[in-house]
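Naming: A, B, ... by sequence-line order, numbering from 1 per chain.
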Number of protein chains: 2
Amino acid sequence: MSRKTFQRLSLDDRRRSLMEATLTCVARHGLHGASVRRITEEAGVTVGLVRHYFGSKDELIRNAYAYLVGQLTAQASESARATEGKSEAQLASFLRANLTKPNMDEETVSLWATFIGRVRHDPGFAEIHRDGYREFLNVLESLIEPVLIAHGCPYSIAICRNHAIALNGLIDGLWMEGAINSGLYAQDILPDLITSAAERLLDLPAGTLSAPDIPHHTSNAPTHPKQQSKPS
Amino acid sequence: MSRKTFQRLSLDDRRRSLMEATLTCVARHGLHGASVRRITEEAGVTVGLVRHYFGSKDELIRNAYAYLVGQLTAQASESARATEGKSEAQLASFLRANLTKPNMDEETVSLWATFIGRVRHDPGFAEIHRDGYREFLNVLESLIEPVLIAHGCPYSIAICRNHAIALNGLIDGLWMEGAINSGLYAQDILPDLITSAAERLLDLPAGTLSAPDIPHHTSNAPTHPKQQSKPS
DNA sequence: CGCACTGTTATACAATTGAATAATTTTAAT
DNA sequence: ATTAAAATTATTCAATTGTATAACAGTGCG
């Protein structure tokens with residue numbers, strides 16, 4: 001009857017390991033099925049560590065949520081930052097990043113929704129969500145602004161913000177429904193769909209955001225390959 | 001120690017009562033806090049009835065979810081159907097209905113998100129969600145079609161469907177973020193924002209959807225004096 | 001090498017959970 | 001008014017939950 005041999009991890013490593021195990025368990029079994037025992041088993045440790053590192057299970061879950069939100073926005077804005085070239089390309093890259101892997105992932109969306117359900121009841125969750133959302137809006141605004149200016153669109157802070165709100169809604173909605181409703185339509189259509197939709201939302205000429213350089217191959221558009229009617 | 005006096009309810013009434021109590025409890029305490037005991041206490045009965053009417057707690061929750069989804073789409077499409085006049089007005093009415101009370105409600109959105117998190121793990125939830133989503137898309141398509149035709153827009157089944165997908169994404173995203181993020185911006189702006197956004201998404205002339213007849217200048221009514229009556 | 005520190009394991013415990021069963025009351029038909 | 005069937009209550013039970021506590025073991029410092 002020897003004890004389990006173990007390895008001491010640094011504070012950050014152990015905390016991250018527990019948070020990731022939490023996300024895995026919530027994704028697999030839902031919030032109600034993510035018990036401390038399952039989480040710690042997933043992380044390969046025993047239950048005591050939750051109390052040791054996070055004080056309580058709730059605090060662990062809150063931290064895991066913040067960890068997830070951080071990763072999501074970081075990945076998308078990183079994708080924009082990594083795109084060289086004109087501001088249109090960066091905005092397009094950001095939009096597409098939200099509707100392609102790894103962000104566009106059923107498990108991730110499912111996780112996100114599960115946590116959103118707790119925002120209303122837990123002030124800690126509310127704060128995490130609000131901060132994440134605010135940052136997302138800010139990134140979006142900073143990407144929209146130069147595009148509007150470059151095209152001589154009517155511009156003001158209020159206009160820019162409203163565009164960001166609408167665009168964010170579009171991203172979120174397509175992201176959620178698209179990831180969960182795999183089956184009603186192919187997810188592949190979403191990146192092209194959102195770039196074209198964004199052009200119209202921002203009153204940009206058609207084609208501004210789609211394929212300035214790279215051919216995005218709008219796969220199979222059977223009958224009407226493109227709608228380029230521009231009513232005056 | 002006499003027993004609790006009780007009243008026999010019809011099968012439908014009792015079932016609905018239990019489903020509504022379930023939604024109330026999930027909204028108040030989250031899924032994990034909606035225990036059979038709390039639910040039945042909310043409904044004013046004892047725990048045995050869950051087994052009697054639904055067989056298991058999971059089945060009760062599934063039914064409550066279907067009940068919620070049904071109410072949501074019914075209310076929105078009812079709002080469109082009740083609007084007399086041109087097809088533009090009906091579409092506008094549908095859009096606005098999704099972003100005003102009673103559909104635009106933090107508790108409702110929170111409920112919806114909580115359930116969405118289970119869609120991935122529970123085939124029963126998945127079916128309910130898919131059916132509800134499909135119907136929502138269909139309603140949207142049937143509202144978009146006549147508007148496109150009336151304005152001589154390029155039209156095909158594929159185009160119409162893509163517009164419905166985008167518009168549905170916009171609705172869902174604004175609905176969710178708007179309801180939960182009260183504080184970052186006023187929810188009042190959303191109805192106008194979505195009508196104007198929808199005009200651009202569908203390539204309609206500006207003003208087509210906004211205020212054809214009715215001035216919906218929703219003067220900032222701080223509190224909603226009238227409680228939305230639940231369909232009995 | 002020895003020793004203290006603390007990360008980690010192991011175990012215990014009270015509370016809560018969903019479900020099952022038995023007992024009782026209401027309702028409606030006769 | 002009797003009676004049978006169904007609805008509802010009351011109670012029990014095993015399993016699981018989150019947390020608390022004590023014992024152990026890996027690590028680095030002297």
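Here dT8(D) presents its P atom at 10 Å from CG of Asp13(B), a figure rounded to the nearest Å. Atoms CD1 (Ile61(B)) and P (dG18(C)) sit 8 Å apart, rounded to a whole Å. When the C1' atom of dG18(D) is taken as reference, atom CZ of Arg37(A) falls 7 Å away, rounded to whole Å. In this structure, Ile39(A) places its CD1 atom 10 Å from P of dT17(D), rounding to the nearest Å. Atom CG of Leu31(B) is separated from atom P of dT17(C) by 13 Å (rounded to the nearest Å). If you measure from atom CD of Gln7(A) to atom P of dC24(D), you get 23 Å, rounded to the nearest angstrom. Between the NE2 atom of His52(A) and the P atom of dT6(C) there is a distance of 9 Å, given to the nearest Å. Rounded to an integer number of Å, the gap from CG of Leu49(A) to C1' of dG18(D) is 15 Å.
Within a 6.0 Å radius of CD1 in Ile157(A), no more than 12 heavy atoms belonging to other residues, nucleotides or ligands are found. Enclosure of atom CD in Glu59(A) by more than 12 non-hydrogen atoms of other residues, nucleotides or ligands within 6.0 angstrom is indicated.
A salt bridge does not link Arg130(B) to Glu127(B): none of the charged nitrogens lies less than 4.0 Å from a carboxylate oxygen. A salt bridge links Asp131(B) to Arg134(B): at least one charged side-chain nitrogen sits closer than 4.0 Å to a carboxylate oxygen. Between Glu78(A) and Arg81(A) there is a salt bridge, since a side-chain N of the basic residue sits under 4.0 Å from a carboxylate O of the acidic one.
Val47(B) comes within 4.0 angstrom of a nucleotide base, judged by non-hydrogen atoms across all strands. Residue-level contact check: Phe54(B) touches neither bases nor backbone, having no heavy atom under 4.0 Å from any strand. In this structure, Arg14(B) reaches the sugar-phosphate backbone alone: every heavy-atom distance under 4.0 Å involves primed, P, OP1 or OP2 atoms, never a base.
Distances shorter than 4.0 Å separate none of the side-chain N or O atoms of Tyr53(B) from OP1 or OP2 on dA7(D). For dT16(C), the OP1/OP2 oxygens have no side-chain nitrogen or oxygen of Ser35(B) closer than 4.0 Å.
Here the side chain of Arg51(B) is nearest to one of dA20(C), dT9(C), dA19(C), namely dA20(C).
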